[in-house]
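A short write-up of the structure that comes next.
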Protein chains: 2
Amino acid sequence: MKLTSKGRYAVMALVDLARFNNINPVSLRDISLRQGISLDYLEQIFSKLKKDQIVKSIRGTQGGYVLSKKPNEIKLTNIFHAVDEKVKTVKCKKDSKKGCNGKATKCVTHNLWDELENHINSFFDKKSLEDLLKSNNENRI
Amino acid sequence: MKLTSKGRYAVMALVDLARFNNINPVSLRDISLRQGISLDYLEQIFSKLKKDQIVKSIRGTQGGYVLSKKPNEIKLTNIFHAVDEKVKTVKCKKDSKKGCNGKATKCVTHNLWDELENHINSFFDKKSLEDLLKSNNENRI
DNA sequence: ACTATACTTGACCAATTTAGTCAGGTATGT
DNA sequence: ACATACCTGACTAAATTGGTCAAGTATAGT
């Protein structure tokens, strides 16, 4: 089981954006420099964040991105969903001969995996961008 | 984020093993047939389960595998650990210029990922093979 | 002793996913 | 007009996954 960089980058970038969000739009170039994430890759990530209305874009000189909502309204669930960082549990295919279909342990793992998904998602549902900003500030005293 | 088949197969195979464990050792061939998992792949998985002393092997005719412990003593943590199904969180490398080192959001994601790992592991720590056997039996009434 | 069964080990491989790069755009403030 | 910065899609190298294949070794039963 693993978490990919894309989700982590999205979180890092949004925390960065939230911190510098107050006055002007924040350009991806700045985020790229501050966070050490490739600009090209950031563009891919932000196009997804925009599609899910987590950020808004402002084009042209002095343009950049702005949060669409307040930091406490943006949950990790929303972020991960936007960038396709989802909990995949590799279930059995319905019409394959392999797996649990009609077999002895049918559904054991299905129920288990469903429980696990719920468990993980409940974590993501609770954490907001604001929570992360707070813990970030505490660390930088 | 995803869970691999290896972990799922290990769980399925062990539930199967636990059910038929009472009288004789259970051969991988039987598990393979009942669960629809490739024999060759099962061998790889069981060699890892054996190394972590979750199962014992008995060679020769009528041989097979037996659980090393009682089903309630075998937690999902143990199983996943044995087959290297671990929560990888793609952390920043220490000496790379990329990532969070010395950057604005240093440790935001580190703390977050650590919390998540704990959250997930607490789930795995609680669930035992016995729990799965029970829910399996309930399903087959 | 022979043989069938079943565990043991290690090399190999195709398909998929990941984490990007590259090359072109288009919109807009000054 | 021009620099900035968003936008889009194609491409790719490396790693991972989910196996297969081949060649063993150990043991119970005959």
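Naming: A, B, ... by sequence-line order, numbering from 1 per chain. Nothing here was measured: the structure is a model prediction, and the numbers come from that model.
Inspection of the Ser135(A) and Asn111(B) side chains reveals no N or O donor paired with an N or O acceptor under 3.5 Å. A donor and an acceptor atom, one from each side chain of Glu85(B) and Thr4(B), are located under 3.5 Å apart. With 3.5 Å as the limit, one finds no donor-acceptor pair spanning the side chains of Lys56(B) and Ser68(B).
The nearest whole Å value for the distance from the CG atom in Asp40(A) to the C1' atom in dG24(C) is 11 Å. At whole-Å resolution of the value, CG in Leu42(B) and C1' in dT8(C) are 14 Å apart. Computed from coordinates, the Tyr41(B) OH to dT8(C) P distance equals 18 Å when rounded to whole Å. In this structure, Lys51(B) places its NZ atom 15 Å from C1' of dC7(C), rounding to the nearest Å. What separates CG of Leu39(B) from P of dT8(C) is a distance of 12 Å, to the nearest Å. As rounded to whole Å, 16 Å separates atom P of dT16(D) from atom CD of Gln44(B). In this entry the distance linking NZ of Lys48(A) with C1' of dC6(D) reads 17 Å, nearest Å. Atom CD1 of Ile37(B) is separated from atom P of dT17(D) by 17 Å (rounded to the nearest Å).
Here Lys56(B) does not reach the OP1 or OP2 of dC7(C): none of its side-chain N or O atoms lies under 4.0 Å away. Phosphate proximity of dG20(C) to Lys6(A): absent, as no side-chain N or O sits under 4.0 Å from OP1 or OP2. Regarding contacts with the backbone of dA19(C), every side-chain N or O of Ser38(A) stays at 4.0 angstrom or more from both OP1 and OP2. The side chain of Ser5(B) contributes an N or O atom lying less than 4.0 Å from OP1 or OP2 of dG18(D). Between dG19(D) and Tyr9(B), a contact under 4.0 Å exists linking OP1 or OP2 to a side-chain N or O.
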Next on the checklist: Applying side-chain hydrogen bond (donor to acceptor under 3.5 Å, both in side chains) to Ser128(B) and Asn72(B), what does each step give before you reach the verdict?
Outcome noted: CA-CA 5 Å; Ser128(B) 72; Asn72(B) 68 337; over 6 Å; no
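Within 4.0 Å of Ser47(B), counting heavy atoms only, lies no atom of the nucleic acid at all.
Gln53(B) CD: 12 or fewer foreign heavy atoms inside a 6.0 Å radius. Applying the 6.0 Å contact sphere to NE2 of His81(A) captures no more than 12 heavy atoms from other residues, nucleotides or ligands. By the neighbour-count criterion of 12 heavy atoms within 6.0 Å, atom CD of Glu73(A) is densely surrounded, having more than that number from other residues, nucleotides or ligands.
Here the nucleotide nearest the side chain of Lys50(B), chosen from dT8(C), dT20(D), dT17(D), is dT8(C).
Under 3.5 Å, the side chain of Glu43(A) and the base of dC7(D) form at least one donor-acceptor pair of N or O atoms.
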Contacts under 3.5 Å, N or O only, protein and nucleotides 3-6 of chain C:
unit_1, atom_1, unit_2, atom_2, d
dA6(C), O4', Gly60(B), O, 3.4

